Amino acid sequence: MEIDLRLESSLWVGKKRYKAVLTGWHFQWTEVDKNNREKKTTSVPVSELIGLEKGQVEILPRKSVEDTDKDFTVFYVKRSSSGGSYGLLWQFGRIQFSCASRALRDQWTSHLRAALKTHSPSRPHRLLVFINPYGGKKKGRHIYHSLVAPLFELAGITSHVIVTERANQARDHLLKKDLSGFDGVVCVGGDGMFSEIMHGMIGRTQQEAGLSENDLNVTLQPCHLHIGIIPAGSTDCVCFATVGVNDPVTSALHIIIGDSQPLDVCSAHHPTEPVRYSVSLLGYGFYGDVLAESERHRWMGPLRYDFSGAMVYLSSRSYAGVVHYLPADPLLSSPRDNTRCLSGCSVCSKSTERLFPHSTVSESVHSFQCSQYRSDRSEAGWVSVAGRFRCVSFTCMSSSCPRSPLGLSPSAHLADGTGDLILVRESHPLGFLKFLHRHTSSEDQFDLPFVEVHRVKAFRFSLPPGEEEDSLEDMESEAARERENQESPQCGMDSETKSRTGSEQQLTDRAKVGYKPRGDWSREKSLFCGPCCTEAPAVSVWNCDGEILPFSEIQGRVHGQLVHLYARGIEDKAACVG
Ligand SMILES: CCCCCCCCCCCCC/C=C/[C@@H](O)[C@H](COP(=O)(O)O)NC(=O)CCCCCCCCCCCCCCC
Ligand SMILES: Nc1ncnc2c1ncn2[C@@H]1O[C@H](COP(=O)(O)OP(=O)(O)O)[C@@H](O)[C@H]1O
Ligand SMILES: [Ca+2]
């Protein structure tokens, strides 16, 4: 039987009288003056109530000021325009009502609680929280304990907190440990930490479904646990692009109210390496080199990317390659259609219907995606582009971040089952600078003659014919054999280099750009180690959401809506701030 949640009465806030109305979906209060004239109304969707308590309650520090039996306090989401930022900041609002009687107070609290239960059913009750204490400016622990934990407590959420002691601890935990009882996972850190958690969650889900995630042809099972991101890293692009601001309180509030934002994920495959996943950036050339260089300057914190960016820009490199891609349906959307994926995006909603046409989600996803990908596997529809590129970038979403408020691809969608492939050909250095600089403004970075962008479902990057990549093991053993035969000269880049085998050259090139697995922050030889290092390497590495991939040739495939975040996409400022 449906309970009637509607309630209306006079309430007092201090000495002012208010008309309060609970309609079921909304709770609103309007000040009424002495002449019974109604003044400004505040209306809060029930789904955006954070919590309510009997009595007069303060949080931060949390204390019950006075436990009178006619009062109750309501905490709710309050929006404010975020100044320079792109989305809306959420803060918690607090209002303390007094009732005419204790019976009326109890009626209000029970009705509001019932409305919350009915209209906000997907709120988390128990969360698993991972904090990377070394991410960004190393403030993760402080941010969580001072800003986030008190809000979780107020909302009645219990959390199990793990402060990581090593890279990949969170991933391994998610792959192996018992996760029953948790409604979601919270990541306190940057994009690298998010990536670790995403790898753990996707891996765990496939394990449980008995699927081999390394197989490019397998349709992956969407993850059922949501991920919340409390930004405490260097770029924090996944948070910025899905929430609109990098603000711990805003993110905590999205988690508390159980918001849900599906996210496309790209799997990156290499025949001899485990699959890697990316949501924000799979970048070869410029972004790969920037990442490799930046790992040596971690001590600089987030600034390391700007410093390394300038260094790599000055090295002015380009790399030969062949890119194959499978275009997405151009009738649905285009990377140059000047639209933005905003909260409630219709392109993404239509994709949800396309990806999950029936209510039994897992079955329908499986059959749809299998048939889609079978046709992808044939060469029909694939397009190829060969040349020398300054960078080849792929992103499943806009990848907006404070450095680039509109992102790598401003019109990309968070959850449409496609990604944007951006090819920047070798060009004059000033042209490339113009391209980079346009990321910081609203000028179109694709409106340049050496840049092309394609909305795709899958892509492949290969080295030019005759220069294909051997497996890394082959290269390593070959290089070791060569080393046995001759002492390696200083920095490995003397005139003899040119006569070495292609694989040895590639291995040396990787060492030069500084390939090493993420998490090993020991300092290595720099990209610019001295005057002998004048020769440009023939290959770059991939930047996979901030992790270096140790190979050049990859195949990528977008998995529509594979993970879900506690977020709702970017809110339209004009529509939300009144
Ligand atoms: C002239 C100004 C140019 C500004 C160019 C801005 C481009 C910004 C693109 C940002 C894309 C972000 C995609 C997200 C990647 C993250 O997953 C990933 C990991 O993040 P985490 O450390 O938080 O874990 N982050 C990254 O790989 C960082 C990429 C950032 C690249 C910044 C490049 C700055 C370039 C500056 C060039 C300056 C040229 C000066 C010439 C004298
Ligand atoms: N305790 C730890 N020690 C060292 N590395 C860690 C630890 N916890 C997580 N990591 C790794 O640190 C990397 C960077 O973390 P992230 O939070 O993204 O910071 P940033 O944005 O500054 O790069 C991630 O790839 C993650 O795997
Ligand atoms: Ca997408």
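Because the structure is a prediction, the values reported are computed rather than measured. Just follow the structure's listing: the first ligand is 1, and inside any ligand the first atom is 1.
- Some N or O of N543 is nearer than 3.5 Å to an N or O of ligand 1, by distance alone.
- Across all non-hydrogen atoms, the minimal contact from A252 to L151 is CB-CD1, 4.1 Å.
- The closest non-hydrogen atom to atom 22 (O) of ligand 1, taken over F307, Y313, Y305, comes from Y305.
- Near G233, with a cut-off below 4.0 Å to any heavy atom, the atoms of ligand 2 are 21 (O).
- With a 4.0 Å cut-off on non-hydrogen atoms, R304 touches ligand 2 through its side chain and not its backbone.
- The side-chain contact (heavy atoms from CB on, under 4.5 Å) with L421 is formed by just one residue from the set V385, V392, V453, T395; it is V392.
- Close approach of ligand 2 to G136 (heavy-atom distance below 4.0 Å) involves ligand atoms 19 (O), 20 (P), 22 (O).
- Ring planes of F435 and H439: perpendicular class, angle over 60° (limits at 30 and 60°).
- The aromatic rings of Y284 and W542 lie tilted to each other, with the angle between the two planes from 30° to 60°.
- In the displayed structure, R141 atom CZ is contacted under 6.0 Å by at most 12 heavy atoms of other residues, nucleotides or ligands.
- For T235, a nitrogen or oxygen atom sits less than 3.5 Å from a nitrogen or oxygen atom of ligand 1, counting backbone and side chain alike.
- Cation-pi geometry between R460 and W382 is met: the NZ or CZ atom falls under 6.0 Å from the ring centre, inside 45° of the normal.
- The two residues E273 and P550 have their closest heavy-atom pair at OE1-CG, 4.2 Å.
- A donor-acceptor pair under 3.5 Å is formed between the side chain of T440 and the backbone N or O of H437.
- Screening the protein for N, O or S atoms under 3.0 Å from the Ca ion (ligand 3) yields 5; no waters enter the count.
- Residue G135 places no N or O, backbone or side chain, under 3.5 Å from any N or O of ligand 2.
- Closest of all the heavy-atom pairs between S234 and G136 is OG-CA, 3.7 Å.
- At under 3.5 Å, not a single nitrogen or oxygen of Y287, backbone or side chain, sits near a nitrogen or oxygen of ligand 1.
- An N or O contact shorter than 3.5 Å links D191 to ligand 1 by distance.
- The six-membered or imidazole ring of F286 lies near that of F432, with a centre-to-centre distance under 6.0 Å.
- R455 and S333 share a donor-acceptor pair across their side chains, judged by distance under 3.5 Å alone.
- Under a 4.0 Å criterion applied to the non-hydrogen atoms of L436, ligand 1 contributes the atoms 3 (C), 4 (C), 5 (C).
- Looking at ligand 2, you won't find any N or O of G189 less than 3.5 Å from one of its N or O atoms.
- Residue P133 has no N or O atom closer than 3.5 Å to an N or O atom of ligand 2.
- Close approach to G546 involves these atoms of ligand 1, each under 4.0 Å from a residue heavy atom: 17 (O), 18 (C), 19 (C).
- At a heavy-atom distance under 4.0 Å, no atom of E547 approaches ligand 2.
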Derivation and outcome, side chain to side chain donor-acceptor pair (under 3.5 Å), residues R317 and S540
CA-CA 9 Å; R317 292 182 183 159; S540 176; over 6 Å; no
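- Nearest-heavy-atom check against atom 20 (P) of ligand 2 across G546, A167, A232, S234 picks out S234.
- Those atoms of ligand 2 that come under 4.0 Å of a heavy atom in D191, given as number and element, are 18 (O).
- Between M193 and ligand 2, an N or O atom pair is found at a separation short of 3.5 Å.
- The two residues I230 and I255 have their closest heavy-atom pair at CD1-CD1, 3.8 Å.
- Atom numbering of ligand 2 starts at 1 in the shown order; those under 4.0 Å from a heavy atom of G190 are 16 (P), 17 (O), 18 (O), 21 (O).
- Contact annotation for L314 and ligand 1: no heavy atom of the residue comes within less than 4.0 Å of the ligand.
- Contacts of K137 classified as side chain to side chain contact (heavy atoms under 4.5 Å, CB included), with partners at least two apart in sequence or in another chain: K139, P302.
- Of all the heavy atoms of R166, the ones lying under 4.0 Å from any atom of ligand 2 belong exclusively to the backbone.
- Not a single side chain to side chain contact (heavy atoms under 4.5 Å, CB included) links H224 to another residue, sequence neighbours left out.
- With ligand atoms numbered from 1 in the order given, ligand 1 contributes 14 (C) to contacts under 4.0 Å with heavy atoms of C237.
- Across S195, G192, S409, G309, heavy-atom proximity to atom 37 (C) of ligand 1 is greatest for G309.
- Between H173 and H160, the ring planes lie tilted relative to each other; the angle falls in the 30° to 60° range.
- Between R336 and D444 there is a salt bridge, with a side-chain nitrogen of the basic residue lying less than 4.0 Å from a carboxylate oxygen of the acidic one.
- Each of the atoms 14 (C), 15 (C), 16 (C), 17 (O) of ligand 1 lies under 4.0 Å from some heavy atom of S280.
- Partner of D172 under the side-chain hydrogen bond (donor to acceptor under 3.5 Å, both in side chains) criterion, chosen from K177, R166, H199: R166.
- With hydrogens and angles left out, the side-chain atoms of D545 and S195 include no donor and acceptor closer than 3.5 Å.
- Looking at T164 next to ligand 2, an N or O pair under 3.5 Å apart turns up.
- Residue contact check: R304 has heavy atoms under 4.0 Å from atoms 22 (O) of ligand 1.
- Counting the atoms of ligand 1 from 1 in the order shown, those under 4.0 Å from a heavy atom of D236 are 23 (O).
- Per-residue contacts place T440 under 4.0 angstrom from the following atoms of ligand 1 (heavy atoms of the residue considered): 4 (C).
- Counting atoms of ligand 1 from 1 in the listed order, those under 4.0 Å from a heavy atom of S234 are 22 (O), 23 (O).
- For K434, the closest heavy-atom approach to ligand 1 does not fall below 4.0 Å.
- The contact set between ligand 2 and R298, taken as ligand atoms under 4.0 Å from a residue heavy atom, comprises 14 (C), 22 (O), 23 (O).
- Counting heavy atoms closer than 4.0 Å to ligand 2, residue K138 contributes nothing at all.
- Residue F394 forms a ring-ring contact (aromatic ring centres under 6.0 Å, His included) with just one option from Y287, F461, F459, and that option is F459.
- Looking at Y134 next to ligand 2, no N or O pair under 3.5 Å apart turns up.
- Residue pairs that meet the salt bridge (Lys or Arg N to Asp or Glu O under 4.0 Å) test with at least one member in residues 198-208, sequence neighbours left out, are R204-E208.
- Considering every non-hydrogen atom in both L549 and C544, the closest pair reads CG-CB, 3.6 Å.
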